[in-house]
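Worksheet: the structure to be examined is printed underneath.
Note on naming: letters A, B, ... go to the chains in the order of the sequence lines (proteins, then strands), and numbering restarts at 1 for each one.
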Number of protein chains: 2
Amino acid sequence: MARTSSKDVANRAGVSIATVSHVINGTRFVSEETRAKVREAIAVLNYRPNAIARGLVTNSTRIIGLVVSDITNPFFTAVARGVEDEMIGQGYNTIFCNTDEDPQREDNYLHLLAAQQIDGLIIAPTGVNSDSLIALAKTDVPIVQLDRRSPRLEAPLIGVDNETGVYQAVQYLIGLGHRRIAFLMGFETVSTQIDRFNGWKRALLEANLPAGDELIIRADPRFYGVVPSLSETVVQPASHDHAMPSAYEALQELLCSPDRPTAIFAATNQLTSGTLYAFNECGLRCPEDISLIGFDDHDWAPLFSPPLTVVSQPTYRLGQVAARFLMQLINGEQVEPPSSLPVQLIIRGSCAAPAGSGGVRSNSRVD
Amino acid sequence: MARTSSKDVANRAGVSIATVSHVINGTRFVSEETRAKVREAIAVLNYRPNAIARGLVTNSTRIIGLVVSDITNPFFTAVARGVEDEMIGQGYNTIFCNTDEDPQREDNYLHLLAAQQIDGLIIAPTGVNSDSLIALAKTDVPIVQLDRRSPRLEAPLIGVDNETGVYQAVQYLIGLGHRRIAFLMGFETVSTQIDRFNGWKRALLEANLPAGDELIIRADPRFYGVVPSLSETVVQPASHDHAMPSAYEALQELLCSPDRPTAIFAATNQLTSGTLYAFNECGLRCPEDISLIGFDDHDWAPLFSPPLTVVSQPTYRLGQVAARFLMQLINGEQVEPPSSLPVQLIIRGSCAAPAGSGGVRSNSRVD
DNA sequence: CTGTTAGCGCTTTCAA
DNA sequence: TTGAAAGCGCTAACAG
């Protein structure tokens, strides 16, 4: 239909389109009288300024892009809220995009966002093949990397101290008496996975404990695997190429082997859940038979069976900080990026001393 | 910065901007020779067509808006994936917005989306005060309502059969021997809450069981409440006005009363979690002391303690169907909206016969 | 205090 | 087979 334009408003109010523009934006003085007429015309015509046209001339949209890698992960939704709340407070809107860890999808969205002339970008990059990202960075659009960094990209990073987080968690496990502690990780292309891996390795090496390949398991962090009772509800990413097994599948062999680890550190939210499924499948009780620590907390972790011991990140805060920093960049302020935020080990019920060590279960249920 | 425009490309290739436009869009014949020159110029200049400008003239953006009420709810993220996957397949992009059940925020995003000249809209409306929504509907932008319907809005709805879903679930509870079954619900302004409520009531009345006010509890569906160990990680919606208690708070009194219900139906994902927290607080074991069924399943429900018995919705599918239908609307096809999708009761471990009835626990753990 | 006018970067007739 | 030029709806000088 004929979308009403400022010209229509101008006609109806008997003024010029310039005046209409000015009463809308408050960008120069307009007499109370004409202002009233214009406003009335706007109301009757149900007029909405076309942001597209405006953006074309102002070269600014007051929109930022937020690109995350898995919208299904509570970590990112919590972060997104932080970003969004902060941006709204500043009069900016945020467009939310989900890449599903798929570089091609990332590329696609980066195109879209660039074409939409966003004023800034917050991104948790997939970490691979980031041509569009590099290209975007070459324009004047301010970018901040969220949670993880892309190789080749020179942009400030807002993240947490991953290495220390798992280092301390593994130390805790060692303190409990564990000697064989496996590490379950996702894509090696994402920097947090490497950082966490390094934390695991450092703790082990310092304690003269094995940290060899047989203790490192890789799995696709985007889905759980074959869980019969759930097969209909589990969402399978459309773009998943099945190159990597799910956590559930990846763990089968290790868990059934005679010298299986006595504890597992899962480097991701979803990996942690997959591990629990695998435990169930193999008839292992947690923490009696095997201990588990996951990276990243969420509201439901205490309700799990067992309540999850986790390394917790300040998710909402992370989003806030990233947004606030991006705004400074957009406003042209010269500021240092905030240093990485601290993480915290939250001890609940998924860890105990290894079986046969005579230790007790280390538990602190919610109550 | 000087973002490169089609003029730059035209200059470098020694052709007119019209030709540039046509090689980009394949909209008329261009000789292989000039086409090559143009493409090369595009490559060296790293040129990206400005979608803003294009949209201004074509009056189409190939972007749709997806507005949901709680990005933190796995239900909506799964639905979002369905929508997104489907739209990408059709060459459309989707802008994702989160209202947090806040009508003002909804209004804000609707403004934004309208200004961005979206080609279509999928929305789970907050249900209150939808002036912007109505206004948008008056333009020619196709709209489909997702999951729930807004009063006053004439737009097709893609949803599930809520009423039947909880009707059957409550019948199951009755079959187990329960007579006092409470209903925990969120905002009465959202249609699904009413539908679910009606299902509960119908099942109870048919069985001549009490369905009075003392069995209806209302709580804010957006957060869990005061859980000390979690106080730092629980996200509190910025816009929350604290008019309603959390599920956790709302249930205290009822659960401590002498004739507390023997079962609870929670009308929402997050309400279900809140209920579990409340159980813990009151020292009630589930399902031994009290049974629980929640509306909506998710990947983690089987890992809860106890594994959750739920009414499950086809989330991903719902998104797909909504997207597909919207595309038909956008393409001007005259089609009937699909009828509501079926839901399914999934029995796991959170229900048992009421204490003292001599019944057995009805359980089916993941294994 | 308000109107005229020149573009923003693109698509699309109309001509050649 | 390609160019010239008119506009899409808006903002921002520049005039008055």
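Within 4.0 Å (heavy atoms only), B:I17 reaches at least one base atom of the nucleic acid. Contacts of B:V20 with the nucleic acid, taken as non-hydrogen atoms under 4.0 Å apart, are absent.
Two residues are said to be in side-chain contact when any heavy atoms from C-beta on lie closer than 4.5 Å; B:L45 and B:R12 meet this criterion.
OP1 or OP2 of C:dT11 lies within a sub-4.0 Å distance of a side-chain N or O belonging to B:N25. When the side-chain nitrogen and oxygen atoms of A:T19 are compared with OP1 and OP2 of C:dG3, one or more of them lie within a distance under 4.0 Å. Here A:T34 reaches the OP1 or OP2 of C:dT2: one of its side-chain N or O atoms lies under 4.0 Å away. A close approach under 4.0 Å does occur between a side-chain nitrogen or oxygen of B:S21 and OP1 or OP2 of C:dT11. Phosphate contact (OP1/OP2 of C:dG3, side-chain N/O of A:S16, threshold under 4.0 Å): present. Between A:T58 and D:dT11 there is no side-chain N or O to OP1 or OP2 distance below 4.0 Å. A close approach under 4.0 Å does occur between a side-chain nitrogen or oxygen of A:S31 and OP1 or OP2 of C:dT2.
Residues A:E32 and A:R39 are paired through a salt bridge, judged by an N-O separation under 4.0 Å between the basic side chain and the carboxylate. Of the charged side-chain nitrogens involved, at least one lies within less than 4.0 Å of a carboxylate oxygen, so that A:D85 and B:R105 count as a salt-bridged pair.
For A:R28 against C:dG3, a side-chain-to-base donor-acceptor contact under 3.5 Å is present.
Toward the 5′ end of DNA chain D lies the nearest nucleotide of B:A18, the other residue of the pair B:A18 and B:V57 mapping further downstream. Each of A:P49 and B:G14 lies near DNA chain D, and the nucleotide nearest B:G14 is the one positioned closer to the 5' end.
The backbone N or O of B:I64 sits nowhere less than 3.5 Å from a side-chain atom of B:D119 that would complete a donor-acceptor pair.
Atom CG of A:N50 and atom P of C:dC8 are 18 Å apart (whole Å).
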